[in-house]
Amino acid sequence: MGFVTYEQEGYVGIVTINRPKALNALNTEVLKDLETVLDSIDINETRAVIITGAGEKSFVAGADIGAMSKMTKEEGAAFGKFGNDIFLKLESLPIPTIAAVNGFALGGGNELAMSCDIRICSENAVFGQPEVGLGITPGFGGTQRLERLVGTGKAKEMIYSASNIKAAEAYRVGLVNAVYPLEELMPAAKKLANKIASNAPIAVRNCKRAITQGYMSDMPHAAEVEEKWFGECFETEDQREGMAAFLEKRKVEGFKNK
Ligand code: DAK
């Protein structure tokens, strides 16, 4: 893939948006490559995925402004749908995703990070939704996911004022879980991904399904969703082994994903 690379390190997949000359801005080609990579991930052999950007300056500096500048209304709507569909695919990928935000995460870049399950960032990271300064609205989920992560007031402030926030504030408002020096970001992302990968994969995936489907529903339905995915864990080899190991006071040697 030209604009998106994929590496597999054991059970961990690493997706890198690779268009550093344009600070990894998302045009149609980048989005197509991202979709192809997401579709090709072997979810039986991969237990966590890290998404990052090439270079030391930018995660993703947004959707490609040059490409968008002359779009018609129809083309703009189609571009928004194309991006939204891919970000929804990412959000509902059965395995956990970690955005390792290594610099600018603006517009579509912040929206890409927010489509991941967990965000960690480097000290030089900058987050924002600058769209209203360009005469458009956030179009890849920013008006929806930012509010869910940082609350209505902060999301509206950031979106209406097009004000960026730095890593420390992103941590303070809950947009990221942790901040690291740049050189420690990928090691920290891999450590977290491997910790996730060491747990029972079917249970981890069912947690993701329960959380993702639950927050899209009201509480009574969300409780039913939780019951369903809880029940689905039983009779798996990993559930039997995980509980047997506890009762026999020994460690699980490695979950089998069965
Ligand atoms: N698009 C295209 N090129 C970009 C880019 C972007 N978003 N961001 C940076 N680049 C390019 C620059 O044009 C420059 O290219 P050359 O001039 O070297 O050819 C190169 O990357 C390096 O950038 P700078 O020279 O500007 O680097 P600086 O360090 O000085 O500044 C910066 C870094 C991130 C502060 C600055 O580049 C910047 O402000 N970039 C734009 C950030 C931005 O506004 N991003 C949000 C884009 S809007 C929708 C669908 C999607 C969206 C909305 C609606 N629907 C259809 C409803 C999403 C919108 C967005 O994401």
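As the structure lists them, so they are numbered: ligands from 1, and atoms in each ligand from 1.
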query = Should you measure from each heavy atom of Lys57, which atoms of ligand 1 turn up under 4.0 Å away?
reply = 27 (O), 28 (P), 29 (O)
query = Charged N to carboxylate O below 4.0 Å: is that the case for Glu35 and Lys89?
reply = yes
Residues Lys32, Glu29; criterion salt bridge (charged side-chain N to carboxylate O under 4.0 Å, His left out); working and verdict = CA-CA 5 Å; Lys32 274 187 185 156; Glu29 289 74 28; 5.9 Å; no
query = Measuring to protein heavy atoms, does anything land under 4.0 Å from atom 30 (O) of ligand 1?
reply = no
request  = Any atoms of ligand 1 less than 4.0 Å from a non-hydrogen atom of Leu134? List them with their elements.
outcome  = 44 (O), 47 (C), 48 (S)
ask   = Taking C-beta and beyond as the side chain, do Pro138 and Ile159 meet within less than 4.5 Å on heavy atoms?
value = yes
key: Worked check of side chain to side chain contact (heavy atoms under 4.5 Å, CB included) between Lys208 and Ile95   = CA-CA 7 Å; Lys208 175 162 180 174; Ile95 42 185; over 6 Å; no
ask   = Under 4.0 Å from ligand 1, counting heavy atoms only, is it the side chain of Ala61, its backbone, both or neither?
value = both
request  = State, with a plain yes or no, whether a side-chain heavy atom of Asn18 is found less than 4.5 Å away from one of Pro20.
outcome  = yes
ask   = Do you know which of Val179, Leu175, Asn177 makes side chain to side chain contact (heavy atoms under 4.5 Å, CB included) with Cys121?
value = Val179
ask   = Is there a side-chain contact between Phe127 and Val101, using heavy atoms and a 4.5 Å cut-off?
value = yes
ask   = Which atoms from ligand 1 have a heavy atom of Thr137 less than 4.0 Å away?
value = 53 (C), 54 (C)
Electrostatic pair Glu241:Lys256 at N-O distance under 4.0 angstrom = no
task = Measure from the ring center of Phe79 to the ring center of Phe140 and say whether it is less than 6.0 Å.
result = yes
note = ligand 1 to Gly108, heavy atom cutoff 4.0 Å, flagged ligand atoms 60 (C), 61 (O)
key: Ala22: numbered ligand 1 atoms lying under 4.0 Å from its heavy atoms   = 4 (C), 9 (C), 10 (N), 11 (C), 21 (O)
key: Under-4.0 Å heavy-atom contact with ligand 1, by part of Asp64 that carries it   = both
message = Minimum distance, heavy atoms only, to atom 44 (O) of ligand 1: which one of Ala105, Pro130, Ala78, Gly80 is it?
response = Pro130
Per-residue contact class, Ala63 against ligand 1 - non-hydrogen pairs under 4.0 Å = both
inquiry  = With heavy-atom distances below 4.0 Å as the criterion, list the atoms of ligand 1 near Gly76.
reply    = 55 (N), 56 (C)
request  = Take atom 1 (N) of ligand 1 and look for protein heavy atoms under 4.0 Å from it; say yes if you find one, no if not.
outcome  = yes
Heavy-atom proximity to atom 57 (C) of ligand 1, best of Gly135, Ala77, Gly139, Gly133 = Gly139
message = Counting only heavy atoms closer than 4.0 Å, does ligand 1 sit against the backbone of Lys21, its side chain, both, or neither?
response = backbone
remark   = Note: ligand 1 atoms sitting under 4.0 Å from heavy atoms of Leu106 are 34 (C), 42 (C), 45 (N)
message = Out of all atoms in ligand 1, which are within 4.0 Å of some heavy atom of Phe140? Include the element for each.
response = 50 (C), 51 (C)
ask   = With a 4.0 Å cut-off, would you call Arg205 and Glu232 a salt bridge?
value = no
query = For the residue pair Ala197 and Tyr11, what are the closest heavy atoms and their distance?
reply = CB-CB, 4.0 Å
task = Would you check whether Asn27 reaches within less than 4.0 Å of ligand 1, judged by its heavy atoms?
result = no
inquiry  = Determine whether any protein heavy atom is located less than 4.0 Å from atom 8 (N) of ligand 1.
reply    = yes
ask   = Taking both backbone and side-chain atoms of Ile65, is any N or O found less than 3.5 Å from an N or O belonging to ligand 1?
value = yes
key: Salt bridge present between Glu169 and Arg172 (N-O < 4.0 angstrom)   = yes
note = Nearest non-hydrogen protein atom to atom 24 (P) of ligand 1, with distance, is Leu23 CD1, 4.5 Å
ask   = Judged by non-hydrogen atoms, does Gly83 sit under 4.0 Å from ligand 1?
value = no
request  = Check whether any side-chain heavy atom of Thr137 lies under 4.5 Å from a side-chain heavy atom of Val132, and answer yes or no.
outcome  = no
